[in-house]
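Presented below is the structure to which this report refers.
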Protein chains: 2
Amino acid sequence: MAHETQKAIARQSLLLKSLPEHHIDKLLSHAIWRRYDRGETIFLQEEEAKAVHVVLAGWVKLFRMAPTGAEAVVSVFTRGESFGEAVALRNVPYPVSAEAVSACEIMHIPSPLLLSLMREDPEIGVSILASTFTHLHSLVAQLEQLKAQTGAQRVAEFLLNLSDKVSGGCEVELPYDKMLIAGRLGMKPESLSRAFSRLKPVGVKINRNHAEIADIQSLRDYAESDSSEK
Amino acid sequence: MAHETQKAIARQSLLLKSLPEHHIDKLLSHAIWRRYDRGETIFLQEEEAKAVHVVLAGWVKLFRMAPTGAEAVVSVFTRGESFGEAVALRNVPYPVSAEAVSACEIMHIPSPLLLSLMREDPEIGVSILASTFTHLHSLVAQLEQLKAQTGAQRVAEFLLNLSDKVSGGCEVELPYDKMLIAGRLGMKPESLSRAFSRLKPVGVKINRNHAEIADIQSLRDYAESDSSEK
DNA sequence: GCCACAACTTGACAATTGTCATGTCATCGC
DNA sequence: GCGATGACATGACAATTGTCAAGTTGTGGC
C-alpha cells in the first residue's frame, strides 16, 4: 500500500494536479503502487499498454531499440512526471521501452479506470491532453536540438536546464550517470567527455557528478551562438 | 465555401473519420476553409493557437527556429493529416511555425467549437488523443532515426515509406523538393546528394524527383543494417 | 529566345563525431 | 585490504558531415 507521502507526490503530478478532488481520490485508491530496482524493466516496446505511469521517486528512461540494435534514449522522467497517457487510452502497443535507471517508486493507473472516468467527465481528457502535449513539446525541443545544435551546445542546454538561476554562477548535480546523459543527448560517452572539455573555456568545471558553472549567462550565450562563430 | 470533394477529404482524415456523423457535420459547417500559396505562413511559433488544422491538399511543413537562426523541420503534412490538436485545446502558444511548401487547401476548426463538442461527448477527446498520439509516435520514430542511423540509412527509410510495396522493385516520386527532404531528415542538401549516391550500389536511381528502387528488400536490409558492417 | 535565379551536384577541405585502445579511479564483494 | 568490475577520460585514427566554391540544369520572366 502507498504511503501518504507518495500520495502527496502523485497529487502534485502534472497529470493529476488539475483534476477535481473526488476524481483524484478514486484514481489513487485504485492505482497500483510498485517499487523497481535499478535496471529493472517497466514495460517493453510493442507490449500492449494497460496503464498510465506516474514516477514518485527515482529516474526512468524511455528508449527505443533500432533494428540495428542501437539504443536511442527518447526521454528521462523523474518525480511528478508521468508517461504512457496517449498509448494507454488507445489500447495500442508502446512505441518505446521503459526501464528504471535508479531504484524507483512508480504508481500505475489502470487505463480502463481512466477511460471510464473520462466518459463521465471530459475534463479528464483535457488533463491527459495537457500531459501528452508536454511530452510532444519536449520531443519537438529535442528534435530541434539534435538538428540545429552541436554536441557541446546540447550539453550546455542540458546544464542550463538543471539550474533555476537566471544569472551569476551556480553549482548543479548531474542527475544520472554520464552514459545516460550521453544517450539522452544523442551522443557517445566519449563525445560527452569532449563536449565537457569544450565547455571549460566557457566556465564549466565538471567533477564527478558535480558541475560548477561560473556564469549562467555566458553559458547561455554559448548554447545559443551560431556554431560557425566559435 | 468548401467544395464537396474537400469535405469528403476532410471526412477521411484521421481526426474526423472515427466520429459520429452529426458531429462531423457540425464541425464541417463551422470550419474555415482557406487556400494558401507556396511559401505562405500558416502560423508562427509562440502565436496562440485558435484552431486545429486539417490539410486537404498540398504540403505543409512544421519547423522550429533555434535561437541561432538554424531551422529544424519537425514534420511535413499532406492530404488528410491534421496538426495543432493538443495545442489548440490548451490555449497555449504553438511550439513550432507552419508554412505551406506548395499551394495548399486547409480547413481550420476553431478550438472553442471543438472544446464545446468535447464537453458534450468525450468520444471527441479520444479522437483528438488518437491524432496526437500519431504525432507523438512519429516524433519518437524521428528521434530514433536521428540518434541511431546514418544519413544514408535515414534516406533509405524515407524512400521505403514512399512505397507501399512489400518486395520487388518499384518507382516512387519524391513528394517535395530535396532541400525540404534534407531538412526533414536532419541534414544539409549536400549531404542528401551524397546519401543518394551511396544508395546507388543498393539499387536506387534518382532522376529529378523520380526514384527507382531495384529491390525493396535489399534497400530495407541496408536501412536496418548495422552501420559498422557497411 | 535569352537572361536571371534557384535548385541541385560535385569536389576539396575542415570540423565533428564515432571507434578502438589504453589507463585511471571509485565501488563492491569477499 | 585486494582484486574485479564498470564508469569515465584521453589519444590516435577513420568515417561522416558541414562548409565553401564552382559548375550544371530547369524554370519563369520579359
Side-chain angles (χ1 to χ4, degrees), chain A residues 37-39 59 61 66 68-72 101-103 145-156 173-201 204-211 222 225-230, chain B residues 37-39 59 61 66 68-72 101-103 145-156 173-201 204-211 222 225-230:
Chain A
D37 286 325
R38 176 191 166 93
W59 291 86
K61 76 170 172 188
T68 72
E71 173 186 308
V101 291
S102 71
Q145 287 191 9
L146 278 174
K147 287 183 174 175
Q149 291 186 287
T150 67
Q153 287 180 315
R154 299 202 293 276
V155 175
E173 301 297 316
L174 302 182
Y176 30 84
D177 65 42
K178 298 190 184 171
M179 295 194 62
L180 182 55
I181 296 177
R184 165 59 242 279
L185 297 177
M187 52 180 107
K188 302 283 151 183
E190 292 95 327
S191 299
L192 180 63
S193 277
R194 288 176 200 136
F196 278 139
S197 359
R198 273 199 216 176
L199 293 182
K200 269 181 204 157
V204 175
K205 259 188 251 172
I206 305 285
N207 200 293
R208 312 290 210 95
N209 65 340
H210 185 85
Y222 176 87
S225 68
D226 190 316
S227 35
S228 62
E229 52 183 80
K230 284 200 315 289
Chain B
D37 285 326
R38 176 191 167 94
W59 291 87
K61 76 169 171 187
T68 73
E71 172 186 308
V101 292
S102 70
Q145 286 190 10
L146 277 174
K147 286 182 174 177
Q149 289 187 289
T150 67
Q153 287 180 315
R154 299 202 293 275
V155 175
E173 301 298 316
L174 302 182
Y176 31 84
D177 64 41
K178 297 188 185 172
M179 293 195 61
L180 182 54
I181 297 179
R184 165 59 243 279
L185 297 177
M187 52 180 108
K188 303 283 150 181
E190 291 96 326
S191 299
L192 180 63
S193 277
R194 289 177 197 132
F196 277 140
S197 357
R198 273 199 216 175
L199 293 182
K200 270 181 203 155
V204 175
K205 259 188 251 171
I206 306 285
N207 201 292
R208 313 289 214 95
N209 66 340
H210 186 86
Y222 177 86
S225 69
D226 190 315
S227 37
S228 62
E229 52 182 79
K230 283 201 313 291

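When reading the values below, keep in mind they use all heavy atoms of this one structure, side chains included, and skip hydrogens, waters and symmetry mates.
With hydrogens and angles left out, the side chain of B:Arg154 and the base of D:dT17 share no donor-acceptor pair within 3.5 Å.
Under the 3.5 Å distance criterion, the side-chain polar atoms of A:Gln153 are matched with a main-chain donor or acceptor of A:Ser225.
Shown here for B:Ser102 and B:Trp59, the closest heavy-atom pair between the two residues is OG-N, 3.0 Å. Between B:Ala70 and A:Ala148, the shortest heavy-atom contact is CB-CB, 3.6 Å. The two residues B:Val101 and B:Arg38 come nearest to each other via the heavy atoms O-NH1, 3.5 Å. A:Pro201 and A:Ser197 get closest at one heavy-atom pair: CD-O, 3.5 Å. For the pair A:Gln145 and A:Arg154, the tightest heavy-atom approach, listed with the atom from each and the gap, is O-CD, 3.7 Å.
By the side-chain hydrogen bond (donor to acceptor under 3.5 Å, both in side chains) test, B:Gln149 pairs with no residue at all, sequence neighbours left out. In this view, A:Asp37 and A:Arg35, A:Glu40 satisfy the side-chain contact (heavy atoms from CB on, under 4.5 Å) rule, not counting sequence neighbours.
Counting to the nearest Å, the C1' atom of D:dG18 and the CD atom of A:Gln149 are 16 Å from each other. Between the P atom of C:dG11 and the NZ atom of B:Lys188 lies a distance of 21 Å, rounded to the nearest Å. The CZ atom of B:Arg198 sits 13 Å away from the P atom of C:dT10 (whole-angstrom rounding). Note: OH (B:Tyr176) to P (C:dC8) measures 13 Å, nearest angstrom. With rounding to whole Å, B:Gln153 atom CD is found 16 Å from D:dA15 atom P. Across the protein-nucleic acid pair, B:Leu174 atom CG and C:dA7 atom P stand 16 Å apart, rounded to whole Å. When the C1' atom of C:dT9 is taken as reference, atom NZ of B:Lys205 falls 18 Å away, rounded to whole Å. What separates NZ of A:Lys200 from C1' of D:dT10 is a distance of 10 Å, to the nearest Å.
Separating the CZ atom in A:Arg194 from the CG atom in A:Leu199 is a distance of 14.0 Å, to the nearest 0.5 Å.
B:Ser193 has no side-chain polar atom (N or O) that falls below the 4.0 Å cut-off from OP1 or OP2 of C:dT10.
Comparing the local axis fitted to the first five base pairs of the helix from C:dG1-D:dC30 to C:dC30-D:dG1 with the one fitted to its last five gives a bend of 50°, rounded to 10°.
Between B:Glu190 and A:Arg194, the residue whose closest nucleotide on DNA chain C is further toward the 5' end is B:Glu190.
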Inset, instruction - Take nucleotides 24-30 of chain D nucleotide by nucleotide from the 5' end and write B, S or -, depending on whether a protein heavy atom sits under 4.0 Å from the base, only from the sugar-phosphate, or from neither. - result: --S----

Please tabulate, for the side chains in residues 173-191 of chain A, all donor-acceptor contacts under 3.5 angstrom to protein atoms that are two or more places apart in sequence or on a different chain.
from, atom 1, to, atom 2, distance (Å)
A:Glu173, OE2, A:His210, ND1, 2.5
A:Asp177, OD1, A:Met179, N, 3.4
A:Asp177, OD1, A:Leu180, N, 3.1
A:Lys178, NZ, A:Arg208, O, 3.3

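Residues from residues 177-187 of chain A placing a heavy atom under 4.0 Å of any atom in DNA chain D, listed by number, are A:Asp177, A:Lys178, A:Met179.
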